[in-house]
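To keep things clear, I will list the structure first and then write my remarks on it.
In what follows, chains are A, B, ... by sequence order, proteins preceding strands, each numbered from 1.
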2 protein chains.
Amino acid sequence: MPRYLIRKLEQVALLSPEDRRLIEELAHRRTFRLAAGEELAAEGDRPAAPRLFLEGWACRSKSFADGRRQIVGLLLPGDFFDLNLDLLQAMDHSVAAVTPVLLAEIRRDALEGLAERRPALARALAWDTLVQASIQREWTLNVGRRTALERVAHLLCEIFRRLEAVGLTEGAACELPLNQTELADATGLSVVHVNRVLRRLRIAGLLRLRGRQMELPDLPALNRLALFSPGYLHLARPKPEASIR
Amino acid sequence: MPRYLIRKLEQVALLSPEDRRLIEELAHRRTFRLAAGEELAAEGDRPAAPRLFLEGWACRSKSFADGRRQIVGLLLPGDFFDLNLDLLQAMDHSVAAVTPVLLAEIRRDALEGLAERRPALARALAWDTLVQASIQREWTLNVGRRTALERVAHLLCEIFRRLEAVGLTEGAACELPLNQTELADATGLSVVHVNRVLRRLRIAGLLRLRGRQMELPDLPALNRLALFSPGYLHLARPKPEASIR
DNA sequence: CGCCTGCTTGAAGCGGTTCAATCGGGGTGG
DNA sequence: CCACCCCGATTGAACCGCTTCAAGCAGGCG
């Protein structure tokens, strides 16, 4: 079942059949479902065991008492929430399902000794953690220095590329289960303005929306507009020769 | 020498004398200095070995071709740059010294097997990584949803609290080697506006600047103004009883 | 001395917010 | 089957927080 995680990791690491089997075993023990809108964890909670997203979208968010809210990250199929987070005393953010979600609980002891037993797999998991951190930096840049148009476009580019990495795109189309309020909270904009920006993207022929699907008919142009350079996702597979050193 | 790191880790973990010795050994092998303004790494570079900041400040930043720049994080004494980052192919951001800096290079092999040999220390290092991620989320919130006044105030509160954790504050005062351009790039504002915000903070009696030192005469008021809740720094020491479970 | 870098202040402009109203579609209960 | 409702999308208009442009100023250094 954890095919999305496996696909993602295989973009950058050569996993042995044994590694793949281990991932599958890791994710099979206990799975559970959540409905759209349900919270996996709230700010202040004691963190639970790490989990793997098998299906569905969720988001991390932080809020103020006056209602201002920032979505600080998206959790897509194949993403972890959150390797090691249970070392902390309390959650510093909330996590809520955006769509119905299927999760696998990962027992901490299953990860122990992994570095010795399956070094390639352990490195792949460490890689994933680093990529999450890199994405978080890019989001800081996004809300800090991009214009509204660039911000929204960048978010769409990132979503598309991340879904592509796990095989969840079809041609130029993919899911977009976020409503405009959520897009606003993810980009630090107001709902009204997100709406206007989406209109501009539609008119420019860079975006088509049909229900919860989006299509990006001219991805190169959208990437340029968004100042999107995919390097921060670190998805390039290392050249085979690179392993000889 | 790595007393700042040790102080920070001891806020949250009980390190044995052996753990402390290991940290010291880790950081003694090769140290080197950089002048203010020098780059440790540039976007696109191949990441080098992990390093520990023994003295001085640095910042991580990302830039666009048109000159827009966002500082996405601060590296203070006792911080790592960057455990495991060398797993990636290329740097997704730059790191530059803000003040003269003293660094220790950490050899990757020194970290291997640490989880088995010194589990408490390994957990403390994992904790540090998680805290860095949490800070990055808070920065996303900061530039995304706080007003200019709140943003600058929040940055000052965070700096003070982080320096306090490593013993680098004196009463209500601490270093602030960032100039207004750097404060602007860290908060996603313009230099001009940062200047006006600092004036407001000064007039409100919440901030005094003398050269590269700052004083926060009314920290509770500043914390309130900034909507600063220090939980995201995860500095609370676990209660001794908590270890019995 | 004169220059350069960083700080400071004023004034005008604009990108994005806020307030307000309308619209449309899907679900629900009478 | 339809009336109603509710949530999300949409659009207009006024406003404002922050940026931009422009100038002056202070202090440190060659």
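Rounded to whole Å, the distance from CG on A:Asn179 to P on D:dC7 is 12 Å. Atom CD of A:Glu182 is separated from atom P of D:dC7 by 14 Å (rounded to the nearest Å). The interatomic distance linking B:Arg210 (CZ) with D:dA26 (P) rounds to 21 Å, in whole Å. D:dG8 atom P lies 13 Å from atom CG of A:Leu183, rounded to whole Å. In this structure, the CZ atom of A:Arg199 is 14 Å from the P atom of C:dG16, given to the nearest Å. One atom, CG of A:Leu178, and another, C1' of D:dA9, lie 15 Å apart when rounded to the nearest Å. Distance CG (A:Leu198) to P (D:dT11): 11 Å, rounded to an integer number of Å. Here the C1' atom of nucleotide C:dG25 and the CG atom of A:Leu209 are 16 Å apart, to the nearest Å.
Residue B:Gly211 is out of contact with every strand shown, counting any heavy-atom pair closer than 4.0 Å. Here B:Arg145 lies out of heavy-atom contact (under 4.0 Å) with every strand. Among the heavy atoms of the strands lying under 4.0 Å from A:Arg196 is at least one base atom, whether or not backbone atoms are also near. At the heavy-atom level, B:Arg202 lies under 4.0 Å from the strands shown only through sugar-phosphate atoms.
A:Arg161 and A:Glu164 are joined by a salt bridge, as a carboxylate oxygen and a charged side-chain nitrogen come within less than 4.0 angstrom of each other. The pair A:Asp86-A:Arg46 fails the salt-bridge criterion, with no side-chain N (NZ, NE, NH1 or NH2) lying under 4.0 Å from an Asp/Glu carboxylate O. Using a cut-off of 4.0 Å between Lys/Arg side-chain N and Asp/Glu carboxylate O, B:Glu138 and A:Lys62 are scored as salt-bridged. A salt bridge does not link A:Arg212 with A:Glu175: none of the charged nitrogens is closer than 4.0 Å to a carboxylate oxygen.
Of the listed nucleotides (D:dT20, D:dT10, D:dC18), D:dT10 has the atom at the smallest distance from the side chain of A:Gln180. Of all nucleotides listed (D:dT19, D:dA9, C:dT17), D:dT19 comes nearest to the side chain of B:Leu189. Comparing D:dT19, C:dG6, C:dA20 against the side chain of B:His193 picks out D:dT19 as the nearest. Of the listed nucleotides (D:dT11, C:dT9, D:dA9), C:dT9 has the atom at the smallest distance from the side chain of B:Val192. Listed nucleotides D:dC18, C:dT9, C:dG16 differ in distance to A:Ala148; the shortest reach to its side chain belongs to C:dG16.
Note on B:Asn195: a side-chain N or O is less than 4.0 Å away from OP1 or OP2 of C:dT8. B:Arg200 has no side-chain polar atom (N or O) that falls below the 4.0 Å cut-off from OP1 or OP2 of C:dT9. Listed pair A:Arg151 / C:dG15 fails the phosphate criterion, with no side-chain N or O lying under 4.0 Å from OP1 or OP2.
Taking the six-membered ring where the residue is Trp, the centroids of A:Tyr232 and A:His154 are separated by under 6.0 Å.
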